[in-house]
Number of protein chains: 2
Amino acid sequence: MCQNRFMSNTELLPVLESEAEPCCPPLDERPLTAEEAERTARMFKALGDPVRLRLFSAVASHRNGEACVCDISDVGVSQPTVSHHLKKLKEAGLLSSERRGTWVYYRVEPAVLAAMGAILTKAASV
Amino acid sequence: MCQNRFMSNTELLPVLESEAEPCCPPLDERPLTAEEAERTARMFKALGDPVRLRLFSAVASHRNGEACVCDISDVGVSQPTVSHHLKKLKEAGLLSSERRGTWVYYRVEPAVLAAMGAILTKAASV
DNA sequence: AACCTATTTTGACACATGTCGAACCAACCC
DNA sequence: GGGTTGGTTCGACATGTGTCAAAATAGGTT
């Protein structure tokens with residue numbers, strides 16, 4: 001690792017910005033545009049796998065909506081697979097992660113979850 | 001497929017059991033079991049594709065939550081593909097279909113939609 | 001340093017999925 | 001009947017996805 005003090009340590013974080021919140025209107029308000037559908041589908045897709053759904057539910061039902069990977073890894077698949085799914089949930093904006101010492105903690109992102117719920121619940125009152 | 005009260009003919013589903021509505025608890029109540037996750041994921045998966053989401057939104061936002069295929073086929077894919085996606089939405093219990101004369105009408109299944117919303121919105125109020 | 005545990009990444013594999021054109025079925029109209 | 005329009009199914013193809021074992025990384029302990 002080249003830690004030359006004269007080189008500015010260009011730390012280019014990818015800044016995984018979670019896109020704005022008022023993502024989309026309720027599903028029954030008007031037909032979604034292609035872009036809206038693309039964004040929204042990404043979130044639903046993340047919950048469209050049983051293992052991911054169990055992992056997400058395990059994190060969400062944990063104390064403070066936060067859990068260590070070691071607490072939720074018992075879902076019947078190997079640990080690399082658990083890690084793979086947690087990564088996907090993170091990429092979809094549903095979870096965030098933080099390392100604290102030896103362990104990595106995942107936490108639910110309530111805003112995104114609420115947005116998904118709003119899209120459905122308003123639509124449910126048809 | 002938390003409930004398939006009256007799906008028209010094509011019964012491709014294994015019909016595990018006829019559990020009425022309370023398909024699953026909110027995601028943050030307790031970790032979902034494998035079977036619960038399996039069932040719930042199937043619904044989310046159905047909305048996890050942008051084309052399907054647009055088709056569903058088009059039906060839901062139509063008058064009475066019902067639309068003829070010809071009214072919603074303009075989503076940028078071929079008509080066989082539209083039919084394919086509508087079938088998947090139907091298999092997931094989100095839509096039902098009925099032929100009336102020349103046209104086939106798809107309609108939203110509000111109970112299933114409400115169940116999905118409840119799973120998320122209750123969880124969102126953490 | 002060497003070792004251990006927790007977690008992620010890599011590489012490979014089988015399987016599922018989205019897409020299309022062509023063929024097919026269903027209802028209407030001449 | 002023959003023709004036309006609406007919609008589904010079939011067959012094929014490329015791409016995506018879930019899974020694992022093995023290797024790699026991160027932090028702690030001794």
Side-chain angles (χ1 to χ4, degrees), chain A residues 1 13-14 16 34 37-38 40-56 58-59 62 66-92 94-107, chain B residues 7-14 34 37-38 40-56 58-59 62 66-92 94-107:
Chain A
M1 186 60 77
L13 338 170
L16 184 55
E38 202 81 42
T40 308
R42 221 170 315 180
M43 303 189 297
F44 282 113
K45 191 175 190 178
L47 293 184
D49 176 89
V51 173
R52 277 200 293 276
L53 205 46
R54 290 186 76 188
L55 287 171
F56 185 86
V59 173
H62 223 257
E66 173 181 288
C68 164
V69 176
C70 56
D71 289 328
I72 58 176
S73 298
D74 193 15
V75 287
V77 294
S78 72
Q79 230 249 318
T81 301
V82 168
S83 190
H84 166 73
H85 285 303
L86 288 173
K87 185 179 183 180
K88 289 217 151 190
L89 285 167
K90 199 169 138 184
E91 287 171 358
L94 297 179
L95 293 180
S96 60
S97 72
E98 179 194 0
R99 169 162 229 134
R100 290 207 292 273
T102 305
W103 296 281
V104 177
Y105 291 83
Y106 281 81
R107 164 182 323 184
Chain B
M7 297 186 58
S8 46
N9 63 26
T10 62
E11 189 47 83
L12 305 171
L13 302 172
E38 202 81 41
T40 308
R42 224 169 316 189
M43 302 189 299
F44 283 113
K45 191 175 190 176
L47 294 184
D49 177 88
V51 174
R52 276 200 293 274
L53 205 47
R54 290 186 76 188
L55 287 172
F56 185 88
V59 173
H62 224 258
E66 173 181 286
C68 164
V69 176
C70 56
D71 290 328
I72 59 175
S73 298
D74 192 16
V75 289
V77 295
S78 72
Q79 229 245 320
T81 302
V82 168
S83 192
H84 166 73
H85 285 303
L86 288 173
K87 185 179 182 181
K88 288 218 151 191
L89 287 166
K90 199 168 137 185
E91 287 171 358
L94 296 178
L95 293 179
S96 60
S97 72
E98 179 193 0
R99 170 161 228 135
R100 289 207 292 274
T102 305
W103 297 281
V104 176
Y105 291 84
Y106 280 81
R107 164 183 322 184

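What you are looking at is a predicted structure, and each value in this text was computed from that prediction instead of being measured. Just so you know, these numbers use all the heavy atoms, side chains as well, and skip hydrogens, waters and symmetry mates. Chain naming here is simple, since letters A, B, ... match the order of the sequence lines and numbering starts at 1 in each.
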* To do: For each nucleotide in nucleotides 24-29 of chain D, reading 5' to 3', give B when a protein heavy atom comes within less than 4.0 Å of its base, S when such contact involves only the sugar-phosphate, and - otherwise.
  => --SSS-
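- The side chain of Pro80(A) approaches dA21(D) more closely than any other nucleotide in the set dT9(D), dG18(D), dA21(D).
- Considering only side-chain atoms of Lys88(A), the nucleotide from dC20(D), dT9(D), dG18(D) that sits closest is dG18(D).
- At the heavy-atom level, Tyr105(B) lies nowhere under 4.0 Å from the strands shown.
- Where Val69(B) and Asp49(A) each meet DNA chain D at their nearest nucleotide, the meeting point lying more 5' is that of Val69(B).
- Residues Ile72(B) and Leu86(B) form a side-chain contact, since some pair of their non-hydrogen atoms from C-beta on lies under 4.5 Å apart.
- Residues Asp71(B) and His62(B) come closest through the heavy atom pair OD2-CE1, 3.7 Å.
- Think of the region where chain A sits on DNA chain C: with heavy atoms and a 4.0 Å cut, that region ends 5' and 3' at dA6(C) to dT9(C).
- dC10(D) atom C1' lies 10 Å from atom NZ of Lys87(B), rounded to whole Å.
- In this structure, Gln79(B) atom CD and dT5(D) atom C1' are separated by 11 Å, rounded to whole Å.
- Within the 4.0 Å cut-off from OP1 or OP2 of dT17(D), at least one side-chain nitrogen or oxygen of Lys45(A) is found.
- Across all strands shown, His85(B) has heavy atoms under 4.0 Å from sugar-phosphate atoms exclusively, and none from any base.
- Formation of a donor-acceptor pair under 3.5 Å by the Arg52(B) side chain with backbone atoms of His85(B) is not found in this model.
- Atom-to-atom, OH of Tyr106(B) to P of dG6(D) comes out at 16 Å; the value is rounded to the nearest Å.
- Side chains of Leu89(B) and Leu47(B) form a contact here, defined as non-hydrogen atoms less than 4.5 Å apart.
- Side-chain contact check for Tyr106(A) versus Val69(A): some heavy-atom pair is nearer than 4.5 Å.
- Taking side-chain N and O atoms only, Ser78(A) has a distance below 4.0 Å to OP1 or OP2 of dC20(D).
- Scanning all heavy atoms of the two residues, the minimum distance from Ser73(B) to Gln79(B) falls at OG-NE2, 4.0 Å.
- In this structure, the side chains of Tyr105(A) and Ser97(A) stay at 4.5 Å or more apart for every pair of heavy atoms.
- Atom CZ in Arg42(A) sits roughly 11 Å away from atom P in dT17(D) (whole-Å rounding).
- Counting any heavy atom pair closer than 4.0 Å across all strands shown, Val82(B) reaches no nucleic acid atom.
- Residue Pro50(A) comes nearest to Ala37(B) through the heavy atom pair O-CB, 3.5 Å, listed as atom of the first residue, atom of the second, then distance.
- Arg100(B) has a carboxylate O that lies under 4.0 Å from a charged side-chain N of Glu66(B), or vice versa, which qualifies the two as a salt bridge.
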